[in-house]
2 protein chains.
Amino acid sequence: MDKADYEALSARLKALAHPERLRILDVLRREPECVCHLEALLGKPQPYVSQQLRLLREAGVICDQKQGQNVFYRVCDPEVLAWLDAFMGPVDGSTYEHHEIVAACVCPKCAPLVPPLAA
Amino acid sequence: MDKADYEALSARLKALAHPERLRILDVLRREPECVCHLEALLGKPQPYVSQQLRLLREAGVICDQKQGQNVFYRVCDPEVLAWLDAFMGPVDGSTYEHHEIVAACVCPKCAPLVPPLAA
DNA sequence: CTGATAAATGCAGAACTTTGCATATATTTA
DNA sequence: TAAATATATGCAAAGTTCTGCATTTATCAG
């Protein structure tokens with residue numbers, strides 16, 4: 001490791017070292033989510049959420065993919081995925097708050113979860 | 001993980017997310033060192049080094065142990081030790097710069113390395 | 001084309017970190 | 001006790017990050 005390596009590493013760690021960003025990553029490491037879900041999850045205004053996402057995107061930690069009206073984000077750095085497991089434990093396939101969060105959402109991902117209107 | 005967990009995690013990551021502190025930890029994860037060695041290693045003034053050490057100490061990442069005139073620091077959080085391996089790879093027992101650094105040092109650790117004066 | 005919705009961007013003030021420097025403390029040696 | 005050495009602390013200026021808010025862009029549905 002030379003000076004540049006320590007700097008690159010510290011830059012990536014700085015991107016992670018923030019409570020709301022860790023919370024975002026804890027969701028994104030399970031499955032991709034659109035901004036509207038993260039907004040609901042954090043209970044913060046949309047520009048705030050987009051800003052944290054931008055920072056993570058510019059640090060190369062997450063990637064975005066547009067899908068219709070929505071933008072889906074995922075953790076795209078496999079090394080960071082491994083770090084997140086080390087920080088927070090491996091993902092448990094069990095009780096995931098996702099379904100609560102998105103009950104009211106109509107983005108392509110949620111639509112199938114919402115029961116048909118008057119069935 | 002609740003809000004407080006994300007905050008505690010981010011506080012510890014903030015302590016690590018700094019190039020000189022990572023460099024210090026990369027040395028300390030191998031073996032304990034006194035401040036004078038770290039000063040020689042970084043080539044930074046002593047108060048600067050002590051300040052980074054204080055920050056790491058207050059974050060609970062390293063511990064100090066006084067030994068005569070010197071203070072030896074080591075990584076005392078086993079979880080952080082594992083993180084450091086994940087960030088920088090496991091320690092290789094091979095060429096370690098320790099011996100170069102301390103050639104001119106007379107602290108208890110180094111004294112045995114220095115050849116007797118006019119043998 | 002218009003209006004609605006999803007997301008991104010820009011900016012400014014507050015808060016926090018970083019770093020350099022002067023000084024303090026504590027231990028040892030003479 | 002005095003001088004020397006190792007380390008810690010306090011403080012202030014410069015730099016960076018954080019957050020809230022106003023605005024912009026892009027896409028989709030009518």
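Just so we're on the same page: letters track the sequence lines, and every chain starts at 1.
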Requested in this report: With DNA chain D as reference, determine whether B:Glu58 or A:Leu55 sits nearer its 5' end, using the nearest nucleotide of each.
Outcome: B:Glu58

Query raised in the report: Got B:Asp85 and B:Leu81 here, is their nearest side-chain heavy-atom distance under 4.5 Å?
Result: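 Heavy-atom side-chain distance check fails, nothing below 4.5 Å.
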
Spacing of [X] atom [atom1] relative to [N] atom [atom2], expressed in whole Å:
| X | N | atom1 | atom2 | result |
| --- | --- | --- | --- | --- |
| B:Leu13 | D:dT17 | CG | C1' | 16 Å |
| A:Glu33 | C:dA7 | CD | C1' | 16 Å |
| B:Glu39 | C:dC21 | CD | C1' | 14 Å |
| A:Ile62 | C:dA7 | CD1 | P | 13 Å |
| A:Gln65 | D:dA26 | CD | P | 19 Å |
| B:Leu42 | C:dG20 | CG | C1' | 15 Å |
| B:Leu38 | D:dA6 | CG | C1' | 13 Å |
| A:Asn70 | D:dT25 | CG | C1' | 16 Å |

Requested in this report: Spell out yes or no: do the side chain of A:Gln51 and the base of C:dC11 have one donor N/O and one acceptor N/O closer than 3.5 Å?
Outcome: yes

Is [X] near enough to [N] that one of its side-chain N or O atoms lies under 4.0 angstrom from OP1 or OP2?
| X | N | result |
| --- | --- | --- |
| A:Arg54 | C:dA7 | no |
| B:Tyr48 | C:dG20 | no |
| B:Tyr73 | D:dA8 | yes |

Of all the nucleotides listed ([options]), which has the minimum atom distance to the side chain of [X]?
| X | options | value |
| --- | --- | --- |
| B:Arg57 | D:dT7, C:dT9, D:dT9 | D:dT9 |
| A:Lys44 | D:dT27, C:dT9, D:dG20 | D:dG20 |
| B:Pro47 | C:dA22, D:dT7, D:dC18 | C:dA22 |
| A:Val35 | C:dT27, C:dA8, D:dT7 | C:dA8 |

Query raised in the report: How far apart are the closest heavy atoms of A:Leu16 and A:Phe87, and which atoms are they?
Result: CD1-CE1, 3.9 Å

Query - Where B:Val71 and B:Lys66 come nearest, the two heavy atoms and their spacing - result: CG2-CE, 4.0 Å

**Report entry** Interatomic spacing from CZ in A:Arg21 to NZ in A:Lys14 - rounded to 0.5 Å
**Finding:**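 One finds 11.0 Å between CZ of A:Arg21 and NZ of A:Lys14.
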
Report task. On DNA chain C, check which nucleotide each of A:Lys14 and A:Gln46 is closest to and give me the residue with the more 5' one. Result -> A:Gln46

**Report entry** Lys/Arg N to Asp/Glu carboxylate O, A:Arg74 vs A:Asp64, below 4.0 Å
**Finding:**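 The answer is no: the pair does not qualify as a salt bridge.
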
Query raised in the report: What does B:Pro45 touch in the nucleic acid at a heavy-atom separation under 4.0 angstrom: a base, only the sugar-phosphate, or nothing?
Result: nothing

